[in-house]
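Below: one structure, written as C-alpha cells.
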4 protein chains.
Amino acid sequence: MRGLNKVTLIGNLGGDPDIQRVQEGVTVAKFSLATSESYKDAKGQVHTTTDWHSIVLWRGLAELAEKYLHKGSLIYVEGKLKTRNFEDKEGAKRYVTEIIGDQIIMLDKRDES
Amino acid sequence: MRGLNKVTLIGNLGGDPDIQRVQEGVTVAKFSLATSESYKDAKGQVHTTTDWHSIVLWRGLAELAEKYLHKGSLIYVEGKLKTRNFEDKEGAKRYVTEIIGDQIIMLDKRDES
Amino acid sequence: MRGLNKVTLIGNLGGDPDIQRVQEGVTVAKFSLATSESYKDAKGQVHTTTDWHSIVLWRGLAELAEKYLHKGSLIYVEGKLKTRNFEDKEGAKRYVTEIIGDQIIMLDKRDES
Amino acid sequence: MRGLNKVTLIGNLGGDPDIQRVQEGVTVAKFSLATSESYKDAKGQVHTTTDWHSIVLWRGLAELAEKYLHKGSLIYVEGKLKTRNFEDKEGAKRYVTEIIGDQIIMLDKRDES
DNA sequence: TTTT
DNA sequence: TTTT
C-alpha cells in the first residue's frame, strides 16, 4: 500500500517480439522499445536522443504482441518497473531493469487490434 | 518526436540522499526509492512486494532533496527512464537504469516544502 | 481500442465522502478533491491556485472511502474522465464532468489502509 | 504544493481545431477529443464506449495544432483539468471542465511534426 | 535500504 | 469545500 510504480511509454519496437511458451498456456513476449525526443540546443540546432527500454508482456498481452506487433510498430505501453538480478557467466551479480506491461495500445493503422 | 518516456512513483527513500556538487552551482542528488504493493494470493493471504528504484535529481530539485528529504520520506516522483552503460573494474560493459526526476511532491507532513 | 483516458490527482478531500447504497451490495462514494499548485509571478510573488474535482468511487473503493476517508484526507486517485448530461429543473441539458476512480492510495499516516 | 493534477488522453479530434488570436501574438486552439474503449459484456459481446473531452491549447501548442491537426487526427495529450464557471443567457451559473494541454504527441504518420 |  |  501507499506505493505507486507506473511507467508509460510511446515508441517503436526495435525488432520483432521474442515469444516464449514458458508453461502450458502461458506465453511471454519480450522486445526493445525506442522512445525518441527532440530538443533544441543553445544554438537552436535540433538534436534527437533515443532511450531503449526492455518490455516484457505476459499471457493475453503476449499473445496480442505475437499476432500484431513487429519491428517498427508504434505502441503505447503502460506497466511497472522491475529490477531483477541474475548471475553472469563469471558468477557476478548483475541487474536488469524491465517494464512489465499491463496495457498496450497499438498506434499504427496497419496493425490490427 | 512521437515519443513518450514517463515514470511516476510514490514511495519511501531507503536512505538519505547522496549529494554531489559536480560543477560550480550544479548539484546532483541520488537515492533509492522503495515502492511497495500488497496483493492477496489464491488462499487469501496478503503478500507485500517491494521494488527499488534509483532516482537522480539535478539542480533545483537536488537542492530541494538536500534540504527536505531524508531516509523514510514519502514522495511522489515523476521523471524519465534512462539506461546508462559503464565499464566495471574488469572492463566489461554493464548497465544501470535510473529515473531522472523532473517533478517531486513531498507527501510527509513533517517535511517542509 | 486506440484510446486512453486517464486522470491522476493528488489532493485533499473538501468534505466527508457522500455514501449511497444504489443496489443490493453496490456502494457509491462521492466527494470533492482539491488539487493546489503554487507558482511565482513575474515579480517573484507566490500565488496558489486550487482546482476542484468531482470524484466518484464504486463498490470496493467506495467501501474503502466510507471506512477511511474524511474531510481533509490526502489521497492519490487514478481514474477516467466521464462527462454526463442531465436535465436541470427547467428541462435544459446540462453537463458534469466526473472522475470515476479505479485506484486510490491513502497518503495520510492517520488514515489506515 | 502537495498537489498533482494530470490528465493523459489518446484519441481522435472530432473536428478541426477552432483557432483564436486572443491578443497580439497569443493563439488559443480548442477542439473535442474522442477516447474510445472496447469491453466485453457478460455474454462475450464487444461494446465500444466513447468519451468526449474539451481540449484547450495555448501559444506554441495552439500554433502547432493550427498547422498540423485536423478532424480525425490521432494524438496523445497531457494536461491539467480546469473547471470554469460562466453565466448562461438566463444568468444561471454553469460549469465546463476543460483539459489545458501542456504536451502533444502527434500519432498519425500523415501529420507532420 | 523504506513505509504501514 | 481541502491542505501546507
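Below, chains carry the letters A, B, ... as their sequence lines are ordered, and counting in each starts from 1. Please read all numbers here as calculations on a predicted model, not as lab measurements. Atom set for the values below is all heavy atoms of this structure, side chains included, hydrogens, waters and symmetry mates excluded.
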Closest to the C:Ser32 side chain, choosing from F:dT1, E:dT2, E:dT1 | F:dT1
Send over the distance from B:Leu74 CG to E:dT1 C1', rounded to a whole Å.
-> 16 Å
In whole angstroms, the gap separating P of F:dT3 from CG of C:Leu107 amounts to 15 Å
Distance in angstrom units between B:Asp18 CG and E:dT1 C1', rounded | 14 Å
Quick one: label B:Thr35 by what it contacts on the DNA or RNA (base, sugar-phosphate, nothing), any heavy atom closer than 4.0 Å.
-> nothing
Looking just at side-chain N and O atoms, do A:Ser36 and A:Thr48 make a donor-acceptor pair shorter than 3.5 Å?
-> no
Give the rounded distance in Å between these two atoms: OH of B:Tyr76 and C1' of F:dT3.
-> 18 Å
Polar contact flag, side-chain donor to acceptor under 3.5 angstrom, A:Tyr39-A:Glu37 | no
Separation of atom CG in D:Asn5 from atom P in F:dT2, rounded to whole Å | 18 Å
Nearest-Å distance for atom pair CG/P, residues B:Asp16 and E:dT2 | 12 Å
Report the nucleotide, chosen from F:dT2, E:dT3, E:dT1, that has the shortest atom-to-atom distance to any side-chain atom of B:Trp52.
-> E:dT1
If you draw a 6.0 Å radius around CH2 in C:Trp52, do more than 12 non-hydrogen atoms from other residues or ligands fall strictly inside?
-> yes
Whole-Å distance separating the CD1 atom of B:Ile105 from the P atom of F:dT3 = 17 Å
In this structure, are over 12 heavy atoms from other groups packed under 6.0 Å from B:Arg94 atom CZ?
-> yes
Please report, rounded to the nearest Å, how far the P atom of E:dT1 is from the CG atom of B:Leu33.
-> 16 Å
